[in-house]
There are 2 protein chains.
Amino acid sequence: MSSPQAGPPEQPARDRGLHARLLAALGPAITAGEYPPGTVLRTEELAARYEVSRTVAREAVRVLESMHLVVSRRRVGVTVLPPEQWNVYDPQVITWRLAGADRGRQLRSLTVLRSAVEPVAARLAAELATPRECAELTEHALGMVATSRGHQLENYLVHDIAFHRTVLRASRNEMFARLGDVVAAVLAGRTHHDVMFSDPRQEAVTLHVRVAEAVREKDGARAESIMRTITEDAMAELDVLAP
Amino acid sequence: MSSPQAGPPEQPARDRGLHARLLAALGPAITAGEYPPGTVLRTEELAARYEVSRTVAREAVRVLESMHLVVSRRRVGVTVLPPEQWNVYDPQVITWRLAGADRGRQLRSLTVLRSAVEPVAARLAAELATPRECAELTEHALGMVATSRGHQLENYLVHDIAFHRTVLRASRNEMFARLGDVVAAVLAGRTHHDVMFSDPRQEAVTLHVRVAEAVREKDGARAESIMRTITEDAMAELDVLAP
DNA sequence: CTAACCCCATAGGTCACATGTATTCAATAG
DNA sequence: CTATTGAATACATGTGACCTATGGGGTTAG
């Protein structure tokens, strides 16, 4: 019937535990600039404010520290670090920032990153993709075609994300593959917030189909070139939205 | 006399605290495959083995969990996750892996990432660099020239790292800027282990000087192109070393 | 003005105990 | 024999009381 992984993209129970609740409160607050760099939070105060034990507060601080959002020093407290120090590749941090105030800037940074990575990934994919991955690529490209008309944005998004994920995975580079989540977040954010109120442009859809073709024919240069057009279009869309 | 930052690349007191010692033991062990995916570690057992309190063990586990190296579930224990899930952009994880067994694979992945990112960063730098940054770039390129002969590899490395860091920073993209540490780790690893037993090739040095020129003249296309040559050379060097 | 010194606020660490929850497995029903 | 139910169990999770260590800052002595 329906494919096995057709369920909603629920997170695998990440918000379990008191400690995670604290994190879910502090992380967004810090990344949103609610606590400006230099602010000191004492663990005891945090424990009191969020009504948890000191142990839980300390665990949360440890995690924030590993993300370089804060630094914890004796006799001083937990100090919020400036944004330049943040571990901006941490999926958690990315999620928090995309949900917060400077969504725009974040989206722009990530889109530029995409424009650097995805074309190279497409070239590698053309050289290294398995037949199975080629088939997936074609399938999702055709899925995009099928859902590109008639206000089926959600279904279109699913195929779009799957397409880019497959390219990144097929590049056989773990660093690229790991950006799948980032790309998914960017595409989802774009669909759900800014642009894309109407059906996607047919040109964009066609480009995806042509990438799938190029990969299948092991034409790395062509795959790279077409993917470059796709990511440049994505950047152009952003510029139209917020100049 | 000597420049202020001439000292050894000490980490800024990251290994402070019992909790950090545990991490420094567990992280490398897991990333090196000493505990294969699926292995379960009970916190109590960890606390006993490393002679720390359960509280400390729990904090370490929390951090490892935030890096997606392990997952902690009730009634089951702390389960080691497969490498595909690891947060491979975490500087800590990168360091651990570069120190461990699959240095080679890791170095290769990172070099491919560089080849995607640095050319685009160079183009943006040419468009956006401040005069100050242009000066820094020239300074470090000349520093590379000056130290490229007579077995001054360590000094050469300092300038090489600073050069690439400046390019990434000048691109005005936080995601790119954050890769400065990664590039530094790759360059340092290359100098200290594999290749580069003799003086660097003069061609490579010249290419850096030309990138600095292109950026100063705001010629984005040229900067990108030359940087692409640099990163392609880096990949070729890797292939010569381990085919 | 500088250097040595001491105080104490705060993180760091330990322990004992209580709670909750998924897994497991056996007993029972169908 | 299979499926459902339910209790036992093992582990993480959470709490509070307590002690230790350290580094920032004020104070004093030179």
Side-chain angles (χ1 to χ4, degrees), chain A residues 7 10-27 29-30 35-82 85 92, chain B residues 10-27 29-30 35-81 85 92:
Chain A
E10 83 281 349
Q11 46 191 355
R14 164 149 291 126
D15 52 352
R16 288 294 175 91
L18 265 191
H19 136 274
R21 268 191 38 206
L22 220 197
L23 220 54
L26 280 180
I30 292 175
Y35 300 107
T39 309
V40 293
L41 316 159
R42 272 156 296 126
T43 48
E44 197 169 359
E45 177 188 309
L46 287 177
R49 167 142 38 161
Y50 292 93
E51 297 177 308
V52 295
S53 68
R54 275 198 343 125
T55 311
V56 168
R58 279 169 50 178
E59 284 176 11
V61 166
R62 277 287 138 71
V63 173
L64 291 176
E65 198 174 24
S66 87
M67 296 169 174
H68 293 91
L69 293 190
V70 303
V71 66
S72 174
R73 281 184 318 181
R74 274 173 166 145
R75 167 75 205 205
V76 172
V78 178
T79 312
V80 176
L81 291 172
Q85 311 242 0
Q92 191 90 235
Chain B
E10 82 283 348
Q11 43 194 352
R14 164 151 293 124
D15 52 352
R16 287 295 173 93
L18 266 190
H19 136 272
R21 269 192 38 207
L22 220 196
L23 262 181
L26 278 180
I30 293 175
Y35 299 108
T39 309
V40 293
L41 315 159
R42 273 152 294 130
T43 48
E44 198 169 0
E45 176 188 309
L46 287 177
R49 167 142 39 161
Y50 293 93
E51 297 177 308
V52 294
S53 68
R54 285 193 336 130
T55 310
V56 168
R58 278 169 51 178
E59 285 176 10
V61 166
R62 277 287 136 71
V63 173
L64 291 176
E65 198 173 25
S66 87
M67 297 170 174
H68 292 91
L69 292 190
V70 303
V71 67
S72 173
R73 281 185 319 179
R74 274 174 166 143
R75 168 73 205 208
V76 171
V78 178
T79 312
V80 177
L81 291 173
Q85 311 241 359
Q92 191 88 236

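Here is how names work: the chains are called A, B, and so on, in the same order as the sequence lines, proteins then strands, and each is numbered from 1.
Taking the nucleotide of DNA chain D with the nearest heavy atom to each of B/R75 and B/T43, the more 5' of the two is matched to B/R75. Heavy-atom distances to DNA chain D give each of A/S53 and B/R42 a nearest nucleotide, and the one nearer the 5′ end belongs to B/R42.
Proximity of A/R62 to the phosphate of C/dG12: a side-chain N or O atom is located under 4.0 Å from OP1 or OP2. Applying the 4.0 Å criterion to OP1 and OP2 of C/dA9, one finds that A/R73 has every side-chain N and O outside that range.
A donor-acceptor pair is defined here as one N or O able to donate and one able to accept, closer than 3.5 Å; such a pair exists between the side chain of A/E65 and the backbone of A/S72. No side-chain donor-acceptor contact under 3.5 Å links B/Q92 to the backbone of A/S66.
The interatomic distance linking A/L18 (CG) with C/dT21 (P) rounds to 11 Å, in whole Å. Summarising the geometry, the separation between CZ on B/R21 and C1' on C/dG12 is reported as 14 Å, rounded to the nearest angstrom. B/E51 has its CD atom 17 Å from the C1' atom of C/dC15, to the nearest Å. Following rounding to the nearest Å, B/E44 (CD) and C/dT14 (P) show an atom-to-atom distance of 15 Å.
Between C/dC17, C/dT14, C/dT10, one nucleotide has an atom nearer to the side chain of B/R54 than all others, and that is C/dC17. Nearest nucleotide to the side chain of B/R74, out of C/dG20, C/dT10, C/dT14: C/dG20.
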Quiz item: What's the verdict on side-chain contact (heavy atoms from CB on, under 4.5 Å) for A/V63 and A/H19, showing C-alpha distance, side-chain angles and the deciding distance?
Solution: CA-CA 10 Å; A/V63 173; A/H19 136 274; 3.9 Å; yes
Exercise. For side-chain contact (heavy atoms from CB on, under 4.5 Å), just list the numbers for A/L26 and A/L69, CA-CA rounded to whole Å, side-chain angles, deciding distance to a tenth of an Å, and then say yes or no.
Key: CA-CA 10 Å; A/L26 280 180; A/L69 293 190; over 6 Å; no
Practice problem: Would you check, one step at a time, whether the test side-chain contact (heavy atoms from CB on, under 4.5 Å) holds for B/T55 with A/R58? | Solution: CA-CA 10 Å; B/T55 310; A/R58 279 169 50 178; 4.2 Å; yes
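For DNA chain D, the outermost nucleotides in 5' to 3' order that have an atom under 4.0 Å from a heavy atom of chain A are D/dG14 to D/dG24.
A/T55 comes within 4.0 angstrom of a base, heavy atoms only. If you check every strand for non-hydrogen atoms under 4.0 Å, A/V76 touches sugar and phosphate atoms only.
Between atom CZ of residue A/R62 and atom CG of residue A/L23 there is a gap of 13.5 Å, rounded to the nearest 0.5 Å.
The minimum heavy-atom distance linking B/T43 with B/V61 is given by the pair CG2-CG2, 4.0 Å.
At a cut-off of 3.5 angstrom, counting only N and O atoms as typed in the model, there is no donor on one side facing an acceptor on the other between the side-chain of A/R16 and the base of C/dG20.
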